[in-house]
Amino acid sequence: MEYIKSNEQLMLQLIETLVNIDSGSYNKEGIDHVGQILSDEYEKMGFTIDRKHNKDHGDNLVIQHKDAGDTSILVIAHMDTVFPDGTAAERPFTIKDGRAYGPGVIDMQSSLVTLLYAVKALYEANDESYKNVTIILNSDEEIGSPTSRGLIEELSEGKQYALVMEPARANGAIVSARRGGGGYTLTVKGKAAHSGVAPEDGISAIEELAHKIVKLESLNDHANGIAINVGIIEGGAAPHMIPDEEIAELDVRIAKQEQAKVVEQQIEDICATPDVEGTELILEGGINRPPLELNKRNKQLLQTVKEVGASIGLTVKDVHTGGGSDASFPSALGVATIDGLGPVGGELHNENEYLEVDTLTERCALLAKLMSKLSEK
Ligand SMILES: [Zn+2]
């Protein structure tokens with residue numbers, strides 16, 4: 001605790017350094033730079049870095065102490081942000097009235113530093129639980145983890161716990177459940193015709209899609225955490241042309257894994273038969289991200305986090321959220337998982353994103369104590 005408190009300024013300096021590097025999901029150079037800075041710090045403590053090279057994205061890093069045996073804790077943090085190149089120069093790291101600002105400051109450069117200093121604190125205190133940890137720093141969470149999902153799933157094998165470093169919510173709560181989901185593209189084909197000259201020759205793709213939109217939206221069941229949103233429709237050429245093609249894009253969210261098959265079947269059934277004779281429907285996609293469910297295992301881990309919090313004078317609350325994260329993957333594989341272990345902040349993914357500076361050391365201490373507690377034999 002003392003070590004962490006006395007290093008607050010260094011932590012903030014490192015956050016500043018990381019925030020001021022553009023590291024959007026498609027900026028390989030920036031993410032690799034962030035990864036290098038963190039790797040250097042871990043290497044100083046005898047950690048080894050297994051760099052999983054990526055051609056188009058930043059490298060994913062697997063970090064473990066050289067004397068680590070079979071670790072039981074997987075810690076997951078991402079290095080990419082949602083911000084385009086140039087954002088760091090436009091609005092670099094600043095602190096005002098107890099809040100820090102800058103691209104990715106809370107999602108999740110502050111978490112990367114919180115994690116590093118939690119490990120450093122254990123190392124400095126000769127608490128060997130830092131040898132019980134496998135850390136993955138991935139490069140593509142913000143775009144659905146295309147290159148790192150498999151790696152996370154691979155590393156989940158044999159682990160007892162997964163700690164996910166997404167930020168705590170604005171009210172300080174950690175995250176104990178998230179919805180899963182996926183997406184679909186529905187293409188409708190009809191037959192074009194001039195609506196003045198030969199309307200009887202046309203088959204309207206828009207009319208067909210209109211039927212489907214109403215049916216798909218009727219699947220919404222907010223009480224049970226099921227959300228279907230037809231968020232984009234595209235098509236049509238001119239008011240006097242009967243449209244021959246129309247495309248809709250759907251976002252789907254579920255609260256429980258068992259809902260996935262049911263909802264997928266309902267969507268497929270709706271799109272199996274046209275309402276407008278002569279149209280053709282092509283449905284692509286599916287539910288690909290499992291929810292983070294508050295099952296028995298996860299509840300137990302949540303309880304441990306609350307107890308550890310209480311031991312350092314921190315009342316830990318938890319929330320359920322609709323957004324996705326990498327926490328879903330280990331949890332679906334049977335690893336006890338908790339999310340939102342980063343410091344407190346808000347306004348994620350927009351220019352007002354902020355870190356509550358005074359929560360940095362408290363969350364760092366919580367994480368260090370938690371890793372220590374979970375390593376007790
Ligand atoms: Zn994030």
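In this chain, residues are counted from 1 in sequence order.
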Using only atom types and a distance under 3.5 Å, with no angle test, would you say the side chain of Arg149 pairs donor to acceptor with the backbone of Phe329? no
Carboxylate-amine/guanidinium contact Lys28 Asp59, below 4.0 Å: yes
Does the pair Lys5 and Glu8 meet the rule for a salt bridge (Lys or Arg N to Asp or Glu O under 4.0 Å), with working shown? CA-CA 5 Å; Lys5 282 236 166 78; Glu8 187 180 12; over 6 Å; no
Tell me whether the count of non-hydrogen atoms from other residues, nucleotides or ligands lying under 6.0 Å of OH in Tyr26 goes above 12. no
Mind checking whether Arg363 and Met165 have side chains closer than 4.5 Å, heavy atoms only? no
Should we say atom CD of Glu157 is surrounded by more than 12 heavy atoms from elsewhere, each under 6.0 Å from it? no
Has Glu29 got more than 12 heavy atoms of other residues, nucleotides or ligands less than 6.0 Å from its CD? no
Salt bridge present between Lys261 and Glu264 (N-O < 4.0 angstrom): no
Do Asn224 and Lys256 touch side chain to side chain, with heavy atoms closer than 4.5 Å? no
His33 NE2: over 12 foreign heavy atoms closer than 6.0 Å: no
Quick check on Lys189: does its NZ atom have over 12 non-hydrogen neighbours (other residues, nucleotides or ligands) under 6.0 Å away? no
Hey, are Arg253 and Gln259 close enough side-chain-wise for a donor-acceptor pair under 3.5 Å? no
Let me see the working for Lys212 and Glu208 under salt bridge (Lys or Arg N to Asp or Glu O under 4.0 Å), right down to the final yes or no. CA-CA 7 Å; Lys212 293 300 180 270; Glu208 170 61 20; 2.8 Å; yes
Decide whether a cation-pi geometry holds between Lys120 and Tyr117; the criteria are a distance under 6.0 Å from NZ or CZ to the six-membered ring centre and an angle within 45° of the ring axis. yes
Indicate yes or no: at least one non-hydrogen side-chain atom of Ile242 is less than 4.5 angstrom from one of Glu207. no
Members sharing Leu216's hydrophobic cluster, built from side-chain contacts under 4.5 Å between Ile, Leu, Val, Met, Phe, Trp and Tyr, are Tyr184, Leu186, Val188, Leu209, Ile213, Leu219, Ile226, Ile228, Val230, Ile233, Leu250, Val252, Ile254, Val263, Ile267, Ile270, Leu281, Leu283, Ile287
Checking Glu353 side chain against Gly104 main chain: does a donor-acceptor pair fall under 3.5 Å? yes
Hey, are Lys373 and Glu376 close enough for a salt bridge, meaning a charged N less than 4.0 Å from a carboxylate O? yes
Donor-acceptor side-chain pairing of Gln64 and Thr134 below 3.5 angstrom: yes
